[in-house]
Amino acid sequence: EDITETDDNVLYYTYGQCGGQIRFDENGVLRFDDLQQNSQQLGTKMGAYTLQRYGQQIAWVPNRAELIGKGHHTLLVKKAEAIDKLYQVFAGQRCNLPQRARNMLAACNLLAYGCGDEAKSILQLGTCKALLLVMELDDISNEAISKAMPKRDTVARDEHYLAAMARAVRRQEMRDDNVVSLGGESDHGKRKGLDHLVFPVKWIARGKFGLKLKSHVISTNHTGGSATATALGIKKAMDNFTKFDKPTDSIKLKVLTGDTGGGSAVQNLITEVKRLHVMSQDCAFANCLLHGLDKPMENACVAVFGKQGIGHRTCWQLLYLNSGGPKVFEEMMNHMKSVEKQSDVERAEGLEAFKKGVELDYSVPNADKTAKVDVTARVGGRLTLSLLILKNDTKLSGESEGIVTKAVHAELKARNIKLTENEMNKLKLRDKVHKIRAHEFKELRLTRDLKQETDVSDVEPLSVEMKAFLDEKHDELLAAKGK
């Protein structure tokens, strides 16, 4: 509307939080000074409008609107679109989850050992319902959730689809790595009366960070326990794995390893796989050494406590389940490893110390005993601090630090002992070892009632470098200690 055509020639105006009215002069000219002189402070509400602020700017907006930034508005729109997509999942009459989402569910279902497909479906329903409750989307009914989630048949079908896709992706990865030779690991087992073959293959790929060892399990199928049956199982697994290969593809098993006991022992199996042309005649095989350390421990435990595992109730099972068993087991394994490198004198000393320990009253806490024994560098996986001296700080070729200094610096970092750069440069090796000693004693005070002990003579290494230092330089450490 042309204001000059009104009777009063009056302009009502606002700027910022100020407002007022002014009459035009004969020429229809307005000056800003006149606007300021005729204005007054307004409240935060004026009729159907509310004064709102965004940053340093203020504006009058309708009462039912809110002033927000463009970026915030875009974020709200995206969140609203995400909620709309979620509602669409539960709007249909059947499961319409994308295959990518069902693949994720199938991968998790594979870890539900002994769980049926119907039970897996119910677990997925419960998880989905719990998530919707957290989001307060109560208007999505249980019936809608039931229709949207995979049913028993879909769960089984998705697991087969995931297995086929994983195999195809892994095979293509081999092509991309230009693989022509594979190594195989054969392990025949029996669970709940069912014989089965676990057969992973491995290959070496070259990437931007160097060589990398990759693996893929191509079989967990049912097979017999003989070498011939296992070889047939390997042939079947390899045939299925390369079933859709291109004519130009060519991969061969070159190396085979496995257990040395039982009917399918690797020394018996190698003959059968050659006969079936699963492996070339010039292939190699190697005995599996993974049981070299745990079998002696297992045999000793069975001889003392009886058989372990599910269905067996023994004191070792009770110790493992209720008394920090994994840590106790690791300590015993470390002790067994250390015994292998002990001399006859040290072994005799250890046996004598063990006899004295058995004769002590079991109710007396270790912290109350006055004995302060200096142990060897490897017994119980602990390190005698007196060995961390400059005399043993040998520098290896190409290294700027000696083996002791390098291990001490790594131990300080592992224990989160803060030292400035100036302290690292000025402190002597002995002073740094004292800081490790003080930290160990402080930690022990939190877990033990130290009454008569005022110091520690050995510590349990936390850093990888210190543990490696003990493993590689054990003999030198013992020799240095004896001088």
With a sphere of 6.0 Å drawn around [atom1] of [X], does it hold more than 12 non-hydrogen atoms of other residues, nucleotides or ligands?
X      : atom1 : value
Tyr87  : OH    : yes
Met165 : CE    : yes
Lys236 : NZ    : no
Ile204 : CD1   : no
Arg152 : CZ    : no
Lys120 : NZ    : yes

How many angstroms lie between [atom1] in [X] and [atom2] in [Y], if you round to the nearest 0.5 Å?
X      : Y      : atom1 : atom2 : answer
Ile417 : Lys432 : CD1   : NZ    : 12.0 Å
Lys413 : Lys418 : NZ    : NZ    : 9.5 Å
Leu137 : Leu86  : CG    : CG    : 6.0 Å
Met149 : Cys95  : CE    : SG    : 7.0 Å
Leu125 : Ile145 : CG    : CD1   : 7.5 Å
Leu197 : Thr230 : CG    : OG1   : 6.0 Å

Within-4.5 Å side-chain heavy-atom neighbours: [X] and [Y]:
X      : Y      : value
Lys129 : Ile140 : no
Ile83  : Met135 : yes
Leu97  : Pro150 : yes
Pro200 : Ile218 : no
Phe199 : Leu256 : yes
Tyr54  : Val61  : no
Glu185 : Val201 : no
Met279 : Lys252 : no

Which atom pair, heavy atoms only, marks the closest approach of [X] to [Y]?
X      : Y      : result
Leu67  : Ala59  : CD2-CB, 4.4 Å
Ala148 : Phe90  : CB-CD2, 3.5 Å
Ala65  : Gln52  : O-NE2, 3.1 Å
Val278 : Ala231 : CG2-O, 4.5 Å
Ile270 : Cys283 : CD1-SG, 3.6 Å
Asn103 : Leu162 : O-CD2, 3.8 Å

Between [X] and [Y], is there a donor-acceptor pair closer than 3.5 Å when you use the side chain of the first and the backbone of the second?
X      : Y      : value
Thr74  : Lys70  : yes
Glu423 : Thr420 : yes
Arg415 : His439 : no
Asn425 : Glu421 : yes

Examine the side chains of [X] and [Y] and answer whether a donor and an acceptor come within less than 3.5 Å of each other.
X      : Y      : result
Gln88  : Asp84  : no
Ser463 : Glu411 : yes
His216 : Lys202 : no
Asp176 : Gln172 : yes

Run the numbers on Glu440 and Arg437 for salt bridge (charged side-chain N to carboxylate O under 4.0 Å, His left out), then give the verdict.
CA-CA 5 Å; Glu440 179 75 0; Arg437 186 197 306 273; over 6 Å; no

From CA spacing to verdict: side-chain contact (heavy atoms from CB on, under 4.5 Å), Ser181, Val255:
CA-CA 8 Å; Ser181 300; Val255 180; over 6 Å; no

side-chain contact (heavy atoms from CB on, under 4.5 Å) for Leu105 and Asp158? Distances and angles first, verdict last.
CA-CA 9 Å; Leu105 293 175; Asp158 286 344; over 6 Å; no

Below 4.0 angstrom, N of the basic side chain to O of the carboxylate: do Asp431 and Lys435 qualify?
no

Are the charged groups of Lys85 and Glu81 less than 4.0 angstrom apart, N to O?
no

Take Ile68 and Leu76 through the side-chain contact (heavy atoms from CB on, under 4.5 Å) test and state the conclusion after the steps.
CA-CA 10 Å; Ile68 62 174; Leu76 292 177; 4.0 Å; yes

Take Val273 and Ile234, measure what side-chain contact (heavy atoms from CB on, under 4.5 Å) needs, and give me the verdict at the end.
CA-CA 8 Å; Val273 292; Ile234 295 176; 4.2 Å; yes

